[in-house]
Number of protein chains: 2
Amino acid sequence: MIVDKQSADPSLRPIVNDPVDDSRTVAVVPRTEATSDGLLSGSPGRDVAEKGLREAITRGTIAPGHRLVEAELSEQYGVTRNSARLALDALAAEGLVERIPNRGARVRTVSTAEAVEIMECRMVLDGLLSAKAAELADDDQVARLLGNRELMRRAVAERELLRYSELIQNHHALVREAARHPIASELVQRLAAQIVRHQFQLSLRPGRAEQSLAELERVVDAIVARDPAAADAAAREHLGGVIAAVREEALV
Amino acid sequence: MIVDKQSADPSLRPIVNDPVDDSRTVAVVPRTEATSDGLLSGSPGRDVAEKGLREAITRGTIAPGHRLVEAELSEQYGVTRNSARLALDALAAEGLVERIPNRGARVRTVSTAEAVEIMECRMVLDGLLSAKAAELADDDQVARLLGNRELMRRAVAERELLRYSELIQNHHALVREAARHPIASELVQRLAAQIVRHQFQLSLRPGRAEQSLAELERVVDAIVARDPAAADAAAREHLGGVIAAVREEALV
DNA sequence: GGCGCCATGATTGTTGACAAACAATCCGCC
DNA sequence: GGCGGATTGTTTGTCAACAATCATGGCGCC
């Protein structure tokens, strides 16, 4: 049975309509220290640890499978153990950290099979985003996509793989912005974070950049042409190519 | 069933000081049992609260927008406040609960626009799963899909909407199982949990069941015929129909 | 010499008390 | 009578100590 008491305002204290809400999110500057040994404490603490850890994991500074001991993290990031613990919880929810009850946490290692599955999900979601972008992008966004395409071409021509890698990220960011689809955007980003390692490894394969570029150019073309179906198809084809490459890599 | 209270959406109401707030007395209550002092503690505690809350939210027992006060939850589920707190964290990560720092948590209300976005994501992911199912389903799974199709037909013929609704869930569960794609399966389930309310509301619309059935039958046909592309297309078409219906509903 | 069993150490998980944040209220003041 | 600022009460967030859990290593026993 359902209880519906909605007739009364559920807010004891209104949370809605808070126009100035950033007062709390920024202005961090934590009491530089609270505990005698100079640990950052509190809410900032959790965020500091979470941000630092996420960065370290996604950049590969910490290797997959590496154990993450709460006490060590606490010391390393200068936060209390509780903050470190909460950060681990958050990252576990994001799929970056694996947690085993009573046994601790470690950096999640995604198998090749999982990486493929993740990419398959990204493939269809990226198709959705590209299609939406083709439908909704404004002139400025189209211009920036074209500009980025030019940069990608140059980077590939000059064999600047690292730079090209960054530009691909940029391309995706532009597509996400143009698509105006927060839900899909967040999903894609979360999935992408889980496989940076695989993706990076792949990008160094000879010949990979050229193929990738050709595929991405078709995505841009479709968006510029305002053709959602073509954009969807092109985006899928691109990631389909990436997936095939990863599968091949796995055999090596 | 779900009591609709859309008519009194709290977020649309002016922020008046409503001294009498009985909306917070929720009649939930499993209170599974108790230790000597009446509190379940610890790890089980967190799980109990999380499971109970998730159930209450997805079943609509607690209305969207409803405030979730840690102390109250702790009492209601017979767990410590900390367990309740962790449960809220977990549910917030799943997108079922909204948290605002220092201001508390409430059941997330998904706007129609968000619901549409979520369904668009489900659409493409469901297409992926259906295609995989067409590729990988074994004979037993195919048989069960066919059996379920028959049950759906009957339910619709006999105007058993509630039963039909359950059978749809069952259909999706069978597809997920056959697809052997844990990543996509989990994503889809998480997204689905966020919009049960919208979906349920929709399923009661006259004529909706018939159209839905026809679409789902085509999905089953494609899987049985081992035709991934057709399965993908059919699944997308199905959710595309649902999305169109939701958009219409929004105008009413 | 190998096997099971208890002590030990390192880590995670929990607890209750404490502190901060915020909305609502009260009070003096003009 | 209305306004600004301190005050209060409620709720969230943090902390350090405590308890539970698991792996490891030593020790007797077969």
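Labels below follow one simple rule: chain letters A, B, ... track the order of the sequence lines, proteins then strands, and each chain is numbered from 1.
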Polar atoms only, N or O, under 3.5 Å: list the protein pairs with nucleotides 20-22 of chain D and their distances.
from   : atom 1 : to     : atom 2 : distance (Å)
D:dC22 : O3'    : A:R103 : NE     : 3.3

Would you give me the side-chain donor-acceptor pairs under 3.5 Å for residues 50-58 of chain A, sequence neighbours excluded?
from  : atom 1 : to    : atom 2 : distance (Å)
A:E50 : OE1    : A:R46 : NE     : 3.4
A:E50 : OE1    : A:R46 : NH2    : 3.2
A:E50 : OE2    : A:R54 : NH2    : 2.8
A:R54 : NE     : A:E94 : OE1    : 3.3
A:R54 : NH2    : A:E94 : OE2    : 2.5
A:E55 : OE2    : A:R59 : NH1    : 3.0
A:T58 : OG1    : A:R54 : O      : 2.9
A:T58 : OG1    : A:E55 : O      : 3.2

Atom pair distance, as rounded to whole Å: [atom1] in [X] and [atom2] in [N]:
{"X": "A:R99", "N": "C:dT11", "atom1": "CZ", "atom2": "P", "result": "15 Å"}
{"X": "B:R67", "N": "D:dT11", "atom1": "CZ", "atom2": "P", "result": "7 Å"}
{"X": "B:I100", "N": "D:dT11", "atom1": "CD1", "atom2": "P", "result": "16 Å"}
{"X": "A:E70", "N": "D:dA16", "atom1": "CD", "atom2": "C1'", "result": "14 Å"}

Go nucleotide by nucleotide along DNA chain C from the 5' end; which of B:R81 and B:L86 gets its closest nucleotide reached first? B:L86
Classify A:L88 by what it touches in the nucleic acid, base, sugar-phosphate, or nothing, heavy-atom distance under 4.0 Å.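 Result for A:L88 = nothing.
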Quick one: is B:R46 getting a side-chain N or O under 4.0 Å of the C:dT15 phosphate, OP1 or OP2?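 B:R46 to C:dT15 OP1/OP2: no side-chain N or O under 4.0 Å.
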Please determine, for the side chain of [X], which listed nucleotide ([options]) has the closest atom?
{"X": "B:N82", "options": "D:dG13, C:dT15, C:dG13", "result": "C:dT15"}
{"X": "A:R85", "options": "C:dT12, D:dT11, C:dT15", "result": "C:dT12"}
{"X": "B:T80", "options": "D:dT11, C:dT11, C:dT15", "result": "C:dT15"}

With a cut-off of 3.5 Å and sequence neighbours excluded, list every side-chain donor-acceptor pair involving residues 116-130 of chain A.
from   : atom 1 : to     : atom 2 : distance (Å)
A:E117 : OE1    : B:I183 : N      : 3.2
A:E120 : OE1    : B:H181 : NE2    : 2.7
A:E120 : OE2    : B:K132 : NZ     : 2.8
A:R122 : NH1    : A:Q199 : OE1    : 3.4
A:S130 : OG     : A:D126 : O      : 2.9

For A:Q189, is the CD atom crowded, meaning more than 12 foreign heavy atoms sit under 6.0 Å from it?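 Correct, the count exceeds 12.
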Can you give each donor-acceptor pair under 3.5 Å made by side-chain atoms of residues 245-252 of chain A, sequence neighbours left out, with the distance rounded to 0.1 Å?
from   : atom 1 : to     : atom 2 : distance (Å)
A:E248 : OE1    : A:R205 : NH2    : 3.2
A:E249 : OE1    : A:R205 : NH1    : 2.9

Residues in side chain to side chain donor-acceptor pair (under 3.5 Å) with A:N102, at least two apart? none
How would you list, by chain and number, every residue that makes a side-chain contact (heavy atoms from CB on, under 4.5 Å) with A:R103, sequence neighbours excluded?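 So A:R103 forms a side-chain contact (heavy atoms from CB on, under 4.5 Å) with A:I100.
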